[in-house]
Each structure stands twice: as C-alpha cells, then as structure tokens.
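Any value given below was found using the heavy atoms of this structure, including those in side chains, with hydrogens, waters and symmetry copies removed.
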There are 2 protein chains.
Amino acid sequence: MAAKPVSRAAAKPAPGREALLPVLAEIFREHGFEGASLALIGERTGLGKGSLYHFFPGGKAEMAASVLDAIDAWFTQAMFRPLREDPDPAAAVRAMFAATDAYFRSGRRVCLVGVFALGAARDRFGARIDAYFAAWRDALADALVRAGAEEPLARDLAEDAVSTIQGALVTASALQDPALFGRALARLSARLEPVLAGAAARRPLASSFQSPTSAL
Amino acid sequence: MAAKPVSRAAAKPAPGREALLPVLAEIFREHGFEGASLALIGERTGLGKGSLYHFFPGGKAEMAASVLDAIDAWFTQAMFRPLREDPDPAAAVRAMFAATDAYFRSGRRVCLVGVFALGAARDRFGARIDAYFAAWRDALADALVRAGAEEPLARDLAEDAVSTIQGALVTASALQDPALFGRALARLSARLEPVLAGAAARRPLASSFQSPTSAL
DNA sequence: TGATCTCTGTACCGATCGGTACAGAGGTCG
DNA sequence: CGACCTCTGTACCGATCGGTACAGAGATCA
C-alpha cells in the first residue's frame, strides 16, 4: 500500500479529488463496479490514468470506497443526524422524505449502494453497504421512537421505509417510470403519518429543516 | 447470425439447453451481466466454450435473453396466469405470496430482472425487463379488481406490491438478513388482506392453488 | 462397417481489462 | 534562475475479455 511514503502530513486533501467524487458516483451508479472501466472513467472525468492514479493510488477499488464514504458522510449530515437530533422528530422525518426525493432526483436516479448490494461488489464493500442501510434504518427508528412510537413498531416502520425506497428505485428504473418513485414515497409517508401526527398532538409547535441537495 | 443454415427444423430444442438455464440464471443473478464471464460460466456449467456456443450461438447475450425468457415463462404459468384466471382471486393472491417466498428462497436469493434493471444491462434487455415487471403488476391488479377492489386502488396496491418485493430483496441482500424478506412480505400481505377479506365476504367458498417451486 | 450428426475441448484471435512506469508540463517559491 | 512539487499524458505490461475455428469424440443408424 504505502509504496511511496509521503513526507508531508498524509491528511492533506488534494483539491481536485473531492470534485471528482460526484462524477465517479454517477459512473458507478450507471454501470456498477465491474461495468465502470477505467477507460470510461477517464473519458467521463476528462482525466488520464496518470491523474486518476495520482488521486486514487488504490485504483478503482479506492475510487469506489471513497465514493461510498462520501455518500455515507452526506447522508449522515443531511438525514441521519437530523433524524437523531432534531428536537422535532416528526419534522425531521418529513424533511427526510423531501431530501430523499431530491437526492434520487424524483426516481430518475438509482441508489449506488443498492446497485453494489445486488452485485458481486457486495463482497468487496460489504461492511460499508451494511453500515449505510443499517444507519438509515436505525436513525429513522430513533426518530419514530422519539415521536412517540413503541420500539417494535418504530423498528418495523423504519425497516419498511428503507426497503420501500430501494424497491421504488428498482422498479422505477425497470419500468422507466420515475413518477413511480413519488407514488411509493407518498404511500410510505401515509404509513408513517399516524406516528408523526401523534407526535404533533403531543408537542405544541416547532422546528423545520431545509431539504438539502447533493451532487453525490 | 445464420452462418450455418441448419438442415433440420430450427425448432429442435437441444436436450441439455433447458437444463443449463437454471445454472446460467444463478450465475447472472450473482454476478450481473458484465460480471458473468465466459470463464466463470464454463466453470460453473462444467462446459467448454465449444458446448456453450453450440447451445447459444449468440453468446452471452443469447444466454441472458434465454434466461430472462425462461423466467418470464415460469412466472407467467406459476403466478400471472393464476392471478388472471383463478376463479378465486383472493386465493391466487395468497398463492402468489407463497410462490414468491419460495422462488426467492425466503430472501436468500436475489431477483435477476432487478439486477439487470439497475445495471447497464438495462439498455440491452430493456423490453424484457419492462415486460416482466409490468406483467406482474398488471396480473396482480387484475386479481385485486376481481376480488372487489376499485381499479385505482387495485393498480396502486399492485404497484406497491412489486415494488415492495424488489426493495425487500435489495435490503435483505445488503444487510445480509434474509429474514427481512419475510417481514416485508408479511407487511405487504397485511396491506392487501382487507381487499382479499372483502372478496371472501362476498363469495361463499372456493379453490386453492398449490405453490410451485422453480430451479430458475 | 462406414456415413452422419450432435456435442465437446483446445488453440487461437484482436480488443480491452486494471495497473504501472515514467518523463515532463506547469506552477510555486527560495 | 534553479529546486521542488503537483499533476498529467503516454507507452506499456500481463491477464482476461467475448468470440471463432476446427478437429475430433461418441452416439446413431443404414
């Protein structure tokens, strides 16, 4: 790994590297890990192998791992943390729906982690894939409990939610029908709403949380 | 294509070909289209390229297309047709759940069509992928209408069902938790049950339909 | 037996795969 | 200016890719 021990602090974040991640994410999303050839990556990023291997000495595997990390970081700050910490959990859940719709481009985009989960890339990135889905499910369950749901119900609804979102992405892509995603989100929202409404009945007034957008 | 015009009727079904399809299906399921190399296929089938190209002159693409056709044929006879024709639509829907659980090995198996739908293989096999999901959705909607549901509700529930099943397969695979699939099926069943129970209240007694298993 | 046909293994093809090596372009700074 | 360092393009590597060609093994049947 450390073939060339760097003299400067290893923590130095190369400037172009971060900007590369969204492009790489899009490529992996569309072609999967094995389908994303270095030729394609070079073409889409406009970079030669020299630059690519300069930023990612570990090659394709490091690119994919970095992208997964970046995605996880974005979801953590934009969704998981609010779900766990927003004083108004119901608002955080509703913001999650908005953010989810925005992130997946209303069904026109597919979930990279889901793509990896289905393919042989699961073996390589299993820990990260597992962590992503588990974090989403657990953060949502936490919010639902804070909104007043019983633990088992909250866990059930949370599992239902992440599963439903993934399924909507698969079928929307399969049927070339992005609108399907919105319909699935609406159904899911209706399933959670009773819990959220219960929370509203319990607390007087609160909060908000703007829905962020990401290029990842 | 027809480099060697066969003297005998072209419709002759080679004996070993059919037996190959389940193995090929499993390989494509686990590795996706681009991930399933001919070397791997040869190894898993125990056949050399000679035999492979004898049975599938069109190469990998023909193998995948044949597998998709076989899967569609199996689902049609085991699920879609009963959903449309069983005199007791509620029983057909319940049989569909049992067949789905059996087919996907209670969440230990992934959906080939879903795998293809997410990857770049979508472009190659788009028509077949679309047809598979649409047929499932429409057949189920038909059964629900026959069970007494209003058209819009039936269509909504049917879309919900196929989407939910796919999502459960993705997350079960991602979290390495096959039991998740069963829980998702149970939730889905509970969502459909009111319609089915309504049908039971309307008609006196009827039917059955054994849940078949498939190697595909 | 010999002709015929289905099936199979092997050798081989050009293209592409992921990855490495390296020379240097172009900037910054002493 | 020259030393240094980040970034880049290109040439090249062995391995593997999907696909083709073909000689026969083995069964069938006249």
Strictly below 4.0 Å, N to O, side chains only: are [X] and [Y] in salt-bridge contact?
| X | Y | answer |
| --- | --- | --- |
| A:Arg191 | B:Asp160 | yes |
| A:Glu34 | A:Lys60 | no |
| B:Arg183 | A:Asp156 | no |

Result for 5'-nearest mapping on DNA chain C, choosing between A:Gly50 and A:Glu34, is A:Glu34

Along DNA chain C (nearest heavy atom to each residue), the more 5'-positioned of A:Phe33 and B:Lys49: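 Between the two, 5'-proximity favours B:Lys49.
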
In residues 35-44 of chain B, which residues come under 4.0 Å of DNA chain D by heavy atom?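 Heavy-atom contacts with DNA chain D come from B:Ala36, B:Ser37, B:Leu38, B:Ala39.
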
Closest listed nucleotide, where the reference is the side chain of A:Tyr53 and the choices are D:dG18, C:dT20, D:dT8: C:dT20

Return the value, rounded to whole Å, for the distance between atom [atom1] of [X] and atom [atom2] of [N].
| X | N | atom1 | atom2 | value |
| --- | --- | --- | --- | --- |
| A:Lys60 | D:dT16 | NZ | C1' | 13 Å |
| A:Glu62 | C:dG18 | CD | C1' | 14 Å |
| B:Phe56 | D:dG18 | CZ | P | 15 Å |
| B:Leu52 | D:dC22 | CG | P | 20 Å |

Considering just the side-chain nitrogens and oxygens of B:His54, establish if one lies under 4.0 Å of OP1 or OP2 belonging to C:dT8. no

Do B:Thr100 and B:Phe181 have side chains that approach each other closer than 4.5 Å (heavy atoms only, starting at C-beta)?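 Contact flag for B:Thr100/B:Phe181 side chains = yes.
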
With a distance cut-off below 6.0 Å to the six-membered ring centre and an angular limit of 45° from the axis, does B:Arg122 pair with B:Phe116 as a cation-pi contact?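 Cation-pi check for B:Arg122 and B:Phe116: fails.
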
Honestly, is B:Arg124 close enough over B:Phe33, meaning NZ or CZ under 6.0 Å from the six-membered ring centre and within 45° of the axis? no

